[in-house]
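In what follows, a structure is listed as C-alpha cells, so that the remarks can point back to it.
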Protein chains: 4
Amino acid sequence: MTEPELRPRKTPLQTRSKATCAAVLEAAARILEAEGSHALTTNRVAERAGVSVGSLYQYFPGKEAILAELIRGLRRDMVLTMRRAADLGREESLASTVELMVAAALEHHLTRPELARALERVEAELPVDAETRELKGELRNIVADVLAGHGIADAESVAFDLVALCHGLSSAAIEAGEKDINGLTLRLKRAVLGYLVAEPAGTSR
Amino acid sequence: MTEPELRPRKTPLQTRSKATCAAVLEAAARILEAEGSHALTTNRVAERAGVSVGSLYQYFPGKEAILAELIRGLRRDMVLTMRRAADLGREESLASTVELMVAAALEHHLTRPELARALERVEAELPVDAETRELKGELRNIVADVLAGHGIADAESVAFDLVALCHGLSSAAIEAGEKDINGLTLRLKRAVLGYLVAEPAGTSR
Amino acid sequence: MTEPELRPRKTPLQTRSKATCAAVLEAAARILEAEGSHALTTNRVAERAGVSVGSLYQYFPGKEAILAELIRGLRRDMVLTMRRAADLGREESLASTVELMVAAALEHHLTRPELARALERVEAELPVDAETRELKGELRNIVADVLAGHGIADAESVAFDLVALCHGLSSAAIEAGEKDINGLTLRLKRAVLGYLVAEPAGTSR
Amino acid sequence: MTEPELRPRKTPLQTRSKATCAAVLEAAARILEAEGSHALTTNRVAERAGVSVGSLYQYFPGKEAILAELIRGLRRDMVLTMRRAADLGREESLASTVELMVAAALEHHLTRPELARALERVEAELPVDAETRELKGELRNIVADVLAGHGIADAESVAFDLVALCHGLSSAAIEAGEKDINGLTLRLKRAVLGYLVAEPAGTSR
DNA sequence: GATGAATGAGAGTTCATTCAT
DNA sequence: CATGAATGAACTCTCATTCAT
C-alpha cells in the first residue's frame, strides 16, 4: 500500500495554468455535489473542466490529489472564517462570541452543503496529509484561544469536544434537511454553552 | 441511476446456508476494518469467507447488499443495547440514566471501532433502506421516551440533538485515538446534561 | 471443440420420469417463446418445470440436449402433419394437393410461432444431430413423392427448392406480423405453382 | 429488459481511430465466420483485432453494437449492389432484369457466406435498430420500383414476397453447400418469374 | 432417485494512467 | 505543453454443472 501523492504537481504560476487548475477543481466539486464520489472519474472531471486528461495529470498526480486539494481548500476557508469570527468576538461576552463562531461554522456548511458532505466522507477514507491535519489543529487552536481568553480551564481539550459536538449536531441537522438556520444556530449555542456551564466531571452521583 | 437492491436474496433456512451467509458477512466486516471500503470487492469477500463468488451472489444481490446488511445488524444491536440501558435506568435519576445510556452507546462504538467507523462512512454514501431508517428513528424514540419520562419538554427534538452531538463527540474522540473510556463517558455526560440544563433558546443576549 | 451430447440421457419408461421430462421440455419451450434463447438457463428451466436442477440433468446431459429435443419434436410433428396432408391429397389435382400441404406447413408455423422462430435460430447455431437431419430429408422426400406422382421431373431438386422458398416466404410474412392466413396460403400456392409451371432453365434470353 | 444501445459510441475522425474501429469490426466478422456468434466475446474480438478491450469500448458500447454495425454494413452493401443492378436493368426485359438482380443478390451472399449466415441469425435475435429497418425497406422499394416499371400490379406486396422467397431459397442452397452458382441463379430466376406469371390469387381451383 | 447449495471459469465493462502525436 | 487514443488490470456478476445430503 504505497500512499498516493496528495499534493498538486506544481504550483501554477502562469495565468493559464491557474485557470486550468481551477477549472479542474470546480469540475470535480460539481460532480461530487451532483453525483457523489463514485461518479468522480478523472476522464469525466477533465471533460467537464473542458480540459484533456493529459492536462489534468499535468497538474495533479492523480484523482486523490484533486480530492485532497478540494479538502484543503474547504479547510482553509473554514479556518479563515472562524478566525474572522473570533476576532470580531474579541471584545464581546462569551455567549456572543459563541454565537458568532457557531454562525460562522454553520454558514460554512451551508454554502455548498452537498459538496461539504461529500468531501467529509471522502476525507474519512483518504490518508490525511500533513497540511489538512495542521488546518484541523489550527481550527481547534482558534477555539481554544477564545475559550482561554474567557478564563475557561483546560481550553484545548474543551475546544476539541466543542468542535466535535458542533460538527455532529450540524451535520445531522443539515442531512436531515433542517432549513431553519436561526433555530439551528440557537441549538448549537445551547449545546456549547451548556457544555461550558456544566460541571466538568464525575462529581455528580 | 438504478438503485441497487439492498435486501438479501434469500433468507437461508438450512444450516449450511446460514453458515455461508454468516461467513460472507464476517469476511466483509474484517476487510472493512482492516482495509476500508475501497478494498471490499465481491471476489475478495468470497475468498476471505472461504466461499465461492457464486455462493456469495446466491445470498446477496451485490456488494451494496452486504454492506447494507452489516449496517442493519449494527443498528439492530445498537437499538437493543440502548433499550436495555433505558430500562435499567427506569428508576434512576436523569444523571444516572444518561450515564448508563452514554456508556451503552460508547460500548457499542468500542467493540469494533474500525468497523463502526467504516460502516458509518459507507452508510452516508448508500441509499438508506427502509429498515435502517426505521431503526434510526427507533433509537431516537428510546431517547425521547427517557427524556419525556423526566419531564423534559420538546423531547423529540432534544433527542435528535443529543444523539447527534454524542455521535459527533464520540466519533471524533475515538478517531483521535482516545483510550480513556471513563473520561470520555464523563465528557459525553457533561455535553448531554449541559444541553439539557441550558436555557432552550434566544432568551440570552 | 468437443461436440456436446444432444441425445437425452435415458428414454424414460416410468410414468413419473416421463412427466418430469415433459415438464422440462415444456418449461424450456415457454421460456424460449416468452424471452428468447438468451434467457434459457438450466436453473430457470428446472425452476419453471417445478423440478430440481439435479433432476433435469438426470434426463438431459445439458442445455443443448433440451434444445435439440425440442427441435426434434417440432420436426417430427412437421413430418407427420405433412405426411397426412400428402395422403389426403393423393387423389386430388396438383393445385389442390399443393394447397393442402401449404396449409399444413403454415398451420405448423402458427401453432406456436414464437417457439418455432426461436428454435429455428437455435438450430442454425447447433451442430445438427443425425435424427434432425434425417427428419429434414424425410420432409423433402414427402414433397418429392407428391411431385413425382404428378409427373414432375427432377422431383428431388424441385422439392428442395419448394420447401426452401416456402420456408423463406412464410417466415418473413409471419415475422412481419401477417395475420391474413388465407391470403398467405394463396401467396405460397402462387409461389409453388409458379415455380412448377415456369420453364426449368436458361432457355430464355 | 433495457434495450442495449446499438449505435457506435463515437464516429472516429482521426486515422488511428478509424483503423481501430475497422480492426474491431473485421475481427468480429472473422470470429463470426469461423466460430459462430457464441464465440464472439468482447475480449476475444479485441485480442483478434490487436487492440485492447478498452479501445473496443471506446467505439462500441457493447458486443451488440458491433454486431449491429456489421449488419448495417452488410445491408448497406446489399442496397448499393441491388440499386446498381436495378439501374443496369433499366432498359432490359423483365427476365433480364430479374437475372441481373438475382445474380447481384447471390453475389452478395457469396462473398462471405458464413458471415452472412451468422449475421442473419444474429439479426433475428437483436432488437432491430431504425437504420437497419430502413435499409430493409429500401431494398424492397428498389425491387418494387422495378416491378412497377414493368407494369406489375401490387408491386410492393409482390416485392415483399419475392425478396423473401429468394432469401429462403438461396440461404438453404448455400447452407446445403451448393456450388453451382449459375444453376442456382437459374433456379431463383425460375422462382421469381414463376411467381410473377402465376395468377395472383384464389381464382384457380 | 431427488435435491439445491456450492462451484468457478469466464463474460462484460470501467477507469486511472500513459505516451505518441 | 496540450491532446485524447490506447491500455489492461481489476471488478461485478452469471450460469452450466457437480455432488454431498
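Each chain gets a letter, A, B and so on, in the order the sequences are listed, and its residues count up from 1. Just so we're clear, the structure is a prediction, and the values are computed from it rather than from any experiment.
Every side chain to side chain donor-acceptor pair (under 3.5 Å) that C/Arg48 has, sequence neighbours left out, goes to C/Glu35. A/Glu33 meets the side chain to side chain contact (heavy atoms under 4.5 Å, CB included) test with A/Arg30, A/Arg112, A/Glu114, A/Leu115; sequence neighbours excluded. Remark: B/Gln58 pairs with B/Lys10 by the side chain to side chain contact (heavy atoms under 4.5 Å, CB included) rule, at least two apart or across chains. C/Ala22 pairs by the side chain to side chain contact (heavy atoms under 4.5 Å, CB included) definition with nothing, not counting sequence neighbours.
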Reading nucleotides 16-21 of chain E from 5' to 3' and marking B where a protein heavy atom lies under 4.0 Å of the base, S where only the sugar-phosphate is that close, and - otherwise, the string is BBB---
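In this structure, B/Glu47 places its CD atom 11 Å from P of F/dC11, rounding to the nearest Å. Taking atom OH on D/Tyr59 and atom P on E/dT13, their separation rounds to 18 Å, with Å as the unit. Between the NE2 atom of C/His38 and the P atom of E/dG12 there is a distance of 14 Å, rounded to whole Å. For the pair C/Gln58 CD and E/dA2 P, the interatomic distance rounds to 5 Å; values are reported in whole Å.
Within a 6.0 Å radius of CD in D/Glu47, other residues, nucleotides and ligands contribute 12 heavy atoms or fewer.
Counting only Watson-Crick and G-U wobble pairs whose two distances sit under 3.5 Å, DNA chain E takes part in these stems of three or more pairs: E:2-21 with F:2-21.
Salt bridge status for B/Glu123 with B/Arg75: present, with a side-chain N to carboxylate O gap under 4.0 Å. The residues B/Arg72 and B/Glu69 are annotated as salt-bridged, a charged nitrogen and a carboxylate oxygen being separated by less than 4.0 angstrom.
Checking D/Ser52 against A/Ser52, the closest nucleotide of DNA chain F that is more toward the 5' end is the one next to A/Ser52.
For C/Thr20 and C/Ser17, the side-chain atoms include no donor-acceptor pair closer than 3.5 Å.
Side-chain nitrogen and oxygen atoms of D/Ser55 include at least one within less than 4.0 Å of the OP1 or OP2 phosphate oxygen of F/dT7.
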